[in-house]
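Just below is one structure, and these are the notes that go with it.
Basis for what follows: all heavy atoms, side chains included, without hydrogens, waters or symmetry-related copies. Order of the sequence lines sets the chain letters (A, B, ...), proteins ahead of strands, with each chain counted from 1.
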Number of protein chains: 2
Amino acid sequence: MCAVLTLAELRTFAENARRSSHEPGDHLMLEDSELTSYANVTGGIVKLSRVMRDGRQQLVGLQFAPDLLGRLFGTENKVTVEAASPVDICRVPKHVLEALVSSSPELKQRLLDQSLQDLDEARDWMVTLGRKDAQQRVASLMMLIARRNGVEEIDSGRGAAFDLPLTRADMADLLALTVETVCRQISKLRKDGVVGIRNHRRVTVPDMSRLSARAG
Amino acid sequence: MCAVLTLAELRTFAENARRSSHEPGDHLMLEDSELTSYANVTGGIVKLSRVMRDGRQQLVGLQFAPDLLGRLFGTENKVTVEAASPVDICRVPKHVLEALVSSSPELKQRLLDQSLQDLDEARDWMVTLGRKDAQQRVASLMMLIARRNGVEEIDSGRGAAFDLPLTRADMADLLALTVETVCRQISKLRKDGVVGIRNHRRVTVPDMSRLSARAG
DNA sequence: CGCAGGTTTGAATGTCGTCAAACCAAGTGG
DNA sequence: CCACTTGGTTTGACGACATTCAAACCTGCG
């Protein structure tokens with residue numbers, strides 16, 4: 001989700017917002033004080049997941065700062081919202097947001113655009129989960145993170161560097177693999193010289209086009 | 001996607017619509033006469049898919065009648081739209097739909113709600129693709145089709161019957177399996193007495209709760 | 001009947017998951 | 001400063017499940 005607010009809207013937003021910080025693993029139920037409150041991620045990364053009856057979970061989305069979090073007039077479908085890194089958020093009560101939306105058709109339009117974009121991203125990820133092997137999935141995730149870190153010139157042979165903001169377990173939940181398989185594929189990318197890894201977190205990519213090729 | 005139009009809106013819709021029929025396999029590009037025209041599926045089933053560079057495809061959604069098809073102010077992301085069965089659709093030019101939307105905030109609201117629901121469904125399917133084995137995926141698809149055919153009392157031990165509107169190949173593309181694996185799992189469900197199959201298409205379920213249990 | 005497309009079944013292969021153990025990095029307290 | 005602990009990470013051996021390749025089988029239709 002991308003930022004969709006104008007400056008004036010952001011001001012109203014900020015005046016009614018309450019800030020809070022959270023540690024990795026904290027659950028950020030959106031139904032805190034008011035049902036279906038809205039929140040803005042101002043720092044860190046939030047993971048959205050669904051849990052199966054047997055306890056296994058599947059991440060269904062990531063929210064990077066400064067993404068919008070939550071949903072209008074919420075549906076019944078439960079998504080677990082959890083901090084993946086240290087996270088700062090900024091909540092707005094339901095009625096404030098509803099007022100904002102009804103006074104601004106453009107805002108509603110942008111919320112619509114954004115949810116359509118989220119839908120596109122979800123469908124992209126369905127292809128990753130359904131049709132890519134372990135190597136391609138791991139490479140795809142690295143491409144996603146690189147893009148979110150401002151790396152643009154994907155196929156130009158340029159290099160890049162970024163931190164992995166997720167644990168191996170979170171990556172596994174997102175990619176529908178096991179922790180061990182994620183590790184093995186990262187090791188393989190490293191052995192093949194596609195990426196360099198320092199401290200299990202810092203990734204350096206000498207040539208983005210080679211990583212892109214591995215992503216299928 | 002569900003129907004989101006009132007009767008009055010449907011009238012305007014119908015007055016400006018052009019109907020057409022299509023055979024299985026036909027591509028229903030929405031950019032026919034006008035870019036990003038909208039359409040209503042009045043009969044049959046439409047599949048939405050993404051194609052990978054190597055030619056393999058992944059279905060990312062199904063549209064049953066009377067679902068709405070297409071999207072407002074379309075994004076750049078290409079989805080292949082194809083008839084899965086004999087299909088009747090009813091197209092509306094872009095400007096008519098835009099007029100409808102701007103004259104009706106409720107319509108825009110409902111489009112927003114609907115896209116949020118689509119997002120939920122896409123995320124549900126991500127769990128199916130990511131975390132279920134072949135047997136559970138096939139059972140999940142049968143549950144989905146049963147629900148779309150009006151079967152409601154899922155866990156009441158009631159029976160049901162419906163046609164599979166997709167070929168084995170389409171099921172495989174939707175479930176991210178091979179045709180052979182889909183066949184084997186259907187055969188297993190049949191041998192175990194969970195479903196009955198006639199002519200490769202007609203499914204009878206003596207006890208929906210047993211099928212539901214197989215779906216994970 | 002006989003063809004064509006879709007479907008079903010079988011046997012062999014390979015990829016990923018499971019189980020187990022070792023490894024590393026960071027923080028704590030002696 | 002170093003031993004110790006803890007949580008996360010990495011690697012290996014083995015097995016299970018889905019894919020691949022191949023052949024046979026239905027069903028509808030000319």
Side-chain angles (χ1 to χ4, degrees), chain A residues 23-26 47 52 54-58 83-86 128-142 163-192 195-203 214 216, chain B residues 23-25 47 52 54-58 84-86 128-142 163-192 195-203 214 216:
Chain A
E23 288 307 298
D26 284 2
K47 50 185 182 175
M52 289 178 62
D54 60 12
R56 290 181 308 165
Q57 70 174 350
Q58 171 69 48
S85 66
T128 298
L129 293 182
R131 292 300 176 197
K132 294 185 182 178
D133 63 21
Q135 173 96 180
Q136 294 173 317
R137 291 189 212 184
V138 170
S140 296
L141 177 56
M142 289 189 178
D163 281 334
L164 295 177
L166 301 174
T167 66
R168 300 291 188 268
D170 284 338
M171 295 190 216
D173 283 340
L174 181 58
L175 297 169
L177 298 170
T178 60
V179 173
E180 295 91 328
T181 300
V182 172
C183 276
R184 276 186 260 269
Q185 297 306 328
I186 291 179
S187 297
K188 189 166 187 347
L189 288 174
R190 184 167 43 73
K191 286 200 190 77
D192 294 350
V195 302
I197 309 279
R198 267 216 314 274
N199 280 359
H200 304 157
R201 292 177 53 249
R202 185 72 187 170
V203 178
R214 297 282 180 130
Chain B
E23 288 306 300
K47 50 185 180 174
M52 290 179 62
D54 61 10
R56 290 181 309 165
Q57 71 174 351
Q58 171 69 48
S85 67
T128 298
L129 294 182
R131 293 297 176 196
K132 294 185 182 178
D133 62 22
Q135 172 96 182
Q136 293 173 319
R137 292 189 211 184
V138 170
S140 296
L141 176 57
M142 288 190 179
D163 281 335
L164 294 176
L166 302 174
T167 66
R168 299 292 188 266
D170 284 339
M171 293 189 217
D173 283 340
L174 181 58
L175 297 169
L177 297 170
T178 60
V179 173
E180 295 92 328
T181 300
V182 172
C183 276
R184 274 185 260 270
Q185 297 306 329
I186 292 179
S187 296
K188 188 164 185 357
L189 288 174
R190 184 166 43 72
K191 285 198 190 78
D192 294 350
V195 301
I197 308 279
R198 267 217 312 274
N199 282 359
H200 304 158
R201 292 178 53 252
R202 186 71 188 168
V203 178
R214 296 286 179 130

Query - Residue whose nearest DNA chain C nucleotide is more 5′ - B/Ala169 or B/Arg131 - result: B/Ala169

Query - Between D/dG7 (P) and A/Asp170 (CG): distance, integer Å - result: 16 Å

Query raised in the report: Would A/Gln135 and A/Leu189 count as a side-chain contact (heavy atoms from CB on, under 4.5 Å) if you check the C-alpha gap in whole Å, the side-chain angles of each, and the deciding distance to 0.1 Å?
Result: CA-CA 8 Å; A/Gln135 173 96 180; A/Leu189 288 174; 3.0 Å; yes

Report task. Please report, rounded to the nearest Å, how far the C1' atom of D/dT10 is from the CD1 atom of A/Ile197. Result -> 12 Å

Query - B/Leu141 to B/Met171 - nearest heavy-atom pair and separation - result: CD2-CG, 3.7 Å

Query raised in the report: Reckon A/Arg190 touches a base, only the sugar-phosphate, or nothing at all at heavy-atom distances under 4.0 Å?
Result: sugar-phosphate

Report summary line: When pairs are called at under 3.5 Å and a stem needs at least three consecutive Watson-Crick or G-U pairs, the stems of DNA chain C are C:1-30 with D:1-30

Requested in this report: Would you please name every residue forming a side chain to side chain donor-acceptor pair (under 3.5 Å) with A/Arg184, sequence neighbours left out?
Outcome: none

If you restrict it to nitrogen or oxygen atoms, what contacts under 3.5 Å exist between nucleotides 19-23 of chain C and the protein, and what is each distance?
residue, atom, partner, partner atom, Å
C/dC19, N4, A/Glu180, OE2, 3.0

Report summary line: Testing C/dT8, D/dT11, C/dT7 for proximity to the side chain of B/Thr167, the answer is C/dT7

Report summary line: Sequence neighbours excluded, the answer for salt bridge (Lys or Arg N to Asp or Glu O under 4.0 Å) partners of B/Asp192 is B/Lys188, B/Arg214

Are any protein N/O atoms closer than 3.5 Å to N/O atoms in nucleotides 16-18 of chain D? If there are, list each pair with its distance.
residue, atom, partner, partner atom, Å
D/dA18, OP1, B/Ala134, N, 2.7

Report task. Please name all residues satisfying side-chain contact (heavy atoms from CB on, under 4.5 Å) with A/Arg202, sequence neighbours left out, ordered by chain then number. Result -> A/Ala161, A/Asp163, A/Arg198

Report summary line: Rounded to whole Å, the CG-C1' distance (A/Leu175 to C/dG17) equals 15 Å

Query - Partner residues of A/Asp54 under the side-chain contact (heavy atoms from CB on, under 4.5 Å) criterion, sequence neighbours left out - result: A/Met52, A/Arg56

Query raised in the report: A/Ser140: what forms a side-chain contact (heavy atoms from CB on, under 4.5 Å) with it, not counting sequence neighbours?
Result: A/Thr128, A/Lys132, A/Ala215

**Report entry** Considering all heavy atoms, the nearest A/Ala84-A/Leu166 contact
**Finding:** CB-CD2, 3.7 Å

Query raised in the report: Quick one: does A/Ile186's side chain get under 4.5 Å of A/His200's, heavy atoms only?
Result: no

**Report entry** Over all atoms of both residues, closest heavy-atom pair of B/Ser85 and B/Pro165
**Finding:** CB-O, 4.4 Å

Query raised in the report: What integer distance in Å separates B/Glu23:CD from C/dG5:C1'?
Result: 15 Å

**Report entry** side-chain contact (heavy atoms from CB on, under 4.5 Å) partners for A/Ala134, two or more places apart
**Finding:** A/Leu177, A/Thr181, A/Gln185

Strictly under 3.5 Å: I want the nitrogen or oxygen pairs between protein and nucleotides 24-30 of chain D, one per line.
none

Query raised in the report: Can you name the nearest heavy-atom pair linking B/Gly130 to A/Gln58, along with the distance?
Result: CA-OE1, 3.7 Å

**Report entry** d(NZ, A/Lys188; C1', C/dC16) in whole Å
**Finding:** 15 Å

Query - Residue pairs involving residues 170-181 of chain A (criterion salt bridge (Lys or Arg N to Asp or Glu O under 4.0 Å); sequence neighbours excluded) - result: A/Lys47-A/Asp170, A/Asp173-B/Arg131

Requested in this report: Calculate the interatomic distance between B/Arg202 atom CZ and C/dG6 atom C1'; express it in whole Å.
Outcome: 20 Å

Query - Separation of C/dT9 P from B/Ile186 CD1 (nearest whole Å) - result: 10 Å

Query raised in the report: What are the two closest heavy atoms between B/Ala169 and B/Val179, and how far apart are they?
Result: CA-CG2, 3.8 Å

Query raised in the report: Taking atom P of D/dG8 as reference, at what distance in whole Å does atom CG of A/Leu166 sit?
Result: 13 Å

